[in-house]
Amino acid sequence: MLRTVLALFLFTTSSTVTIAQNYDESKVPSYVLPEVLKTVSGKEVRDRKTWEATRRPEILRLFEDHIYGRMPAAFDSISHSITNENRKAMGGNATLKEVAILVYKNSKSVRINLVLFIPNKRKGKSPVFVLINNRGQENTDATRQTKSEFWPAEMVIDSGYAIAAFHVSDLAPDKKETYMNGVLRMYPELLEADNGMKAIGAWAWGASRVLDYFEKDAQIDAKKVIVVGHSRGGKASLWAAAQDQRFAACVTNCSGNTGAALARRQFGERIARINDTFPHWFNNNYKKFNNNENELPVDQHMLISLIAPRPIYATNASKDLWADPTGTYLAMKHAEKVYALYGKKSKLPATPPGINQPFPKAPMAYHNREGEHNMKVYDWTNFIRFAKSFNF
Ligand code: GCU
């Protein structure tokens with residue numbers, strides 16, 4: 001409700017946006033999605049080889065150039081230091097590591113502050129859930145004085161998984177005036193280019209640098225990293241998993257427009273609105289698609305396809321129509337054919353399941369939780385079931 005009121009408020013105060021939100025399924029326009037399994041030159045993609053050699057790189061480039069922006073090609077060095085370690089955290093159940101990850105380029109640097117809890121009872125390396133935290137730092141409190149459903153670390157540790165988090169502001173402040181004061185200071189050429197990354201690209205890049213660290217931590221299984229994000233963080237978790245294939249699986253919670261929901265349905269939030277309110281999230285080229293969804297050479301089912309054959313979990317919340325639950329489900333369904341190229345059969349039903357009817361199984365998982373736009377214990381309980389479904 002709050003979001004609806006906010007949306008109406010923004011609508012009435014915005015100067016450039018001219019179209020109201022649609023929340024009426026009968027008013028969804030008819031649309032034709034770009035074909036995921038046909039190359040730009042018109043060739044049908046029938047096998048995994050052609051997908052990987054031709055179509056997948058093509059789609060990735062289209063998302064870079066038109067939406068999320070080109071990513072940094074390289075950096076000069078990366079190092080880390082453990083700033084705090086406690087082997088008896090959470091009453092002895094976990095080892096806490098606070099890690100400073102430093103990345104350098106052209107004598108500029110960023111510092112990513114990682115909080116990591118590893119279950120003490122697990123033998124061998126742990127699989128890990130890593131959250132791209134777009135909310136307050138208190139949600140991922142290393143001291144555990146503050147506990148939050150948004151990152152229920154104790155529950156995840158009790159289930160035998162490591163859990164980690166870093167904050168988006170370490171990479172790019174989430175403000176249109178200051179987003180460039182992070183990773184983008186190291187890559188001025190990307191800041192200037194119309195197809196260069198902005199904040200969401202920077203957050204996804206940060207997730208990859210955290211993965212670089214996991215590859216060096218003997219207690220973490222870097223081949224079993226599940227990247228998690230909520231809402232704007234869920235847009236970033238999708239983009240991170242799409243372009244960095246080292247992520248073993250992806251959770252995108254209530255990610256909505258320019259996340260897991262189809263743009264062409266024009267339901268709830270639209271491209272014009274997101275670009276108007278958050279001009280610092282996506283590249284300059286994306287602004288061409290304001291009120292012009294059908295001209296996009298991609299739609300969001302193709303972003304999900306880039307994650308195939310790795311497990312993906314998309315969620316919604318029943319009162320969060322802004323994020324278009326039906327459009328999210330359809331995007332997942334339209335990506336199934338790419339999973340099928342790998343012999344991975346999606347278990348998702350033909351039509352969206354009811355509220356609180358989770359399908360938390362690999363390769364494609366989905367639920368629509370009752371309630372508001374948020375990430376809660378209900379969601380995490382199912383993310384754990386999801387991880388167990390592929391034996392992590
Ligand atoms: C706004 C925005 C959404 C975003 C959400 C969030 O509502 O319009 O696109 O997902 O914030 O990040 O919580």
Side-chain angles (χ1 to χ4, degrees), residues 1-14 16-17 19-23 67-68 131-137 139-140 148-151 165-169 171-176 179 198-204 206-207 227-240 250-263 265-283 286-287 289-291 293 296 299-300 303-304 314-328 331 368-369 371-376 379:
M1 184 45 146
L2 182 65
R3 284 154 64 85
T4 314
V5 173
L6 187 66
L8 289 171
F9 171 76
L10 287 171
F11 171 65
T12 50
T13 57
S14 165
T16 54
V17 178
I19 297 181
Q21 284 77 55
N22 175 37
Y23 290 118
I67 304 184
Y68 303 98
L131 173 69
I132 302 175
N133 182 20
N134 59 297
R135 290 201 173 167
Q137 307 261 13
N139 285 288
T140 63
S148 157
E149 285 204 41
F150 195 66
W151 193 71
F166 65 94
H167 199 264
V168 295
S169 59
L171 286 313
D174 192 5
K175 285 206 169 74
K176 61 175 179 240
Y179 74 94
K198 292 190 191 285
I200 299 246
W203 304 341
V227 61
V228 181
H230 163 70
S231 209
R232 66 197 71 186
K235 305 180 208 291
S237 69
L238 274 173
W239 180 233
C250 176
V251 173
T252 184
N253 193 78
C254 296
S255 60
N257 187 274
T258 325
L262 291 176
R265 279 174 40 87
Q266 304 176 21
F267 188 100
E269 184 171 29
R270 290 187 55 184
I271 293 172
R273 173 58 54 81
I274 207 165
N275 280 333
D276 193 49
T277 320
F278 307 100
H280 60 291
W281 283 359
F282 309 107
N283 71 19
Y286 197 37
K287 280 69 183 178
F289 302 98
N290 289 352
N291 301 323
E293 282 87 349
L296 261 175
D299 210 315
Q300 299 306 113
L303 185 63
I304 294 166
T315 77
N316 288 107
S318 62
K319 293 189 180 154
D320 185 18
L321 296 184
W322 183 243
D324 189 11
T326 304
T328 302
N368 191 6
R369 172 181 46 76
E372 312 280 344
H373 179 74
N374 203 347
M375 186 158 67
K376 309 190 72 162
D379 301 302

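Atoms within a ligand are numbered from 1 in the order they appear, just like the ligands themselves. Throughout, residue positions are numbered sequentially from 1 according to the sequence presented. Only this structure's heavy atoms are used, side chains among them; waters, hydrogens and symmetry mates stay out.
The backbone N or O of E293 lies less than 3.5 Å from no partner atom in the side chain of R270, so there is not a single donor-acceptor pair. In this structure, the side chain of D174 does not engage the main chain of S169 through any donor-acceptor pair within 3.5 Å. Listed for the W203 side chain is a donor-acceptor partner under 3.5 Å among the backbone atoms of A172.
Atom NZ of K287 has more than 12 neighbouring heavy atoms from other residues, nucleotides or ligands inside a 6.0 Å radius.
Remark: F166 engages no residue in a ring-ring contact (aromatic ring centres under 6.0 Å, His included) (not counting sequence neighbours). Among residues two or more places apart in sequence or in another chain, the salt bridge (charged side-chain N to carboxylate O under 4.0 Å, His left out) test is passed with R265 by E25, D324.
Per-residue contacts place R232 under 4.0 angstrom from the following atoms of ligand 1 (heavy atoms of the residue considered): 1 (C), 5 (C), 6 (C), 10 (O), 11 (O), 12 (O), 13 (O). Against a heavy-atom cut-off of under 4.0 Å, F278 is close to the following atoms of ligand 1: 1 (C), 2 (C), 8 (O). Set against the non-hydrogen atoms of S231, the atoms of ligand 1 under 4.0 Å away are 4 (C), 5 (C), 6 (C), 10 (O), 12 (O), 13 (O). Within the listing of ligand 1, atoms 6 (C), 13 (O) sit less than 4.0 angstrom from a heavy atom of H373.
With a 4.0 Å heavy-atom cut-off, ligand 1 is reached by no atom of H230. When heavy-atom distances to ligand 1 are checked against a 4.0 Å cut-off, K235 comes that close only through its side chain, counted from C-beta outward.
Within the 4.0 Å heavy-atom shell around ligand 1 one finds I274.
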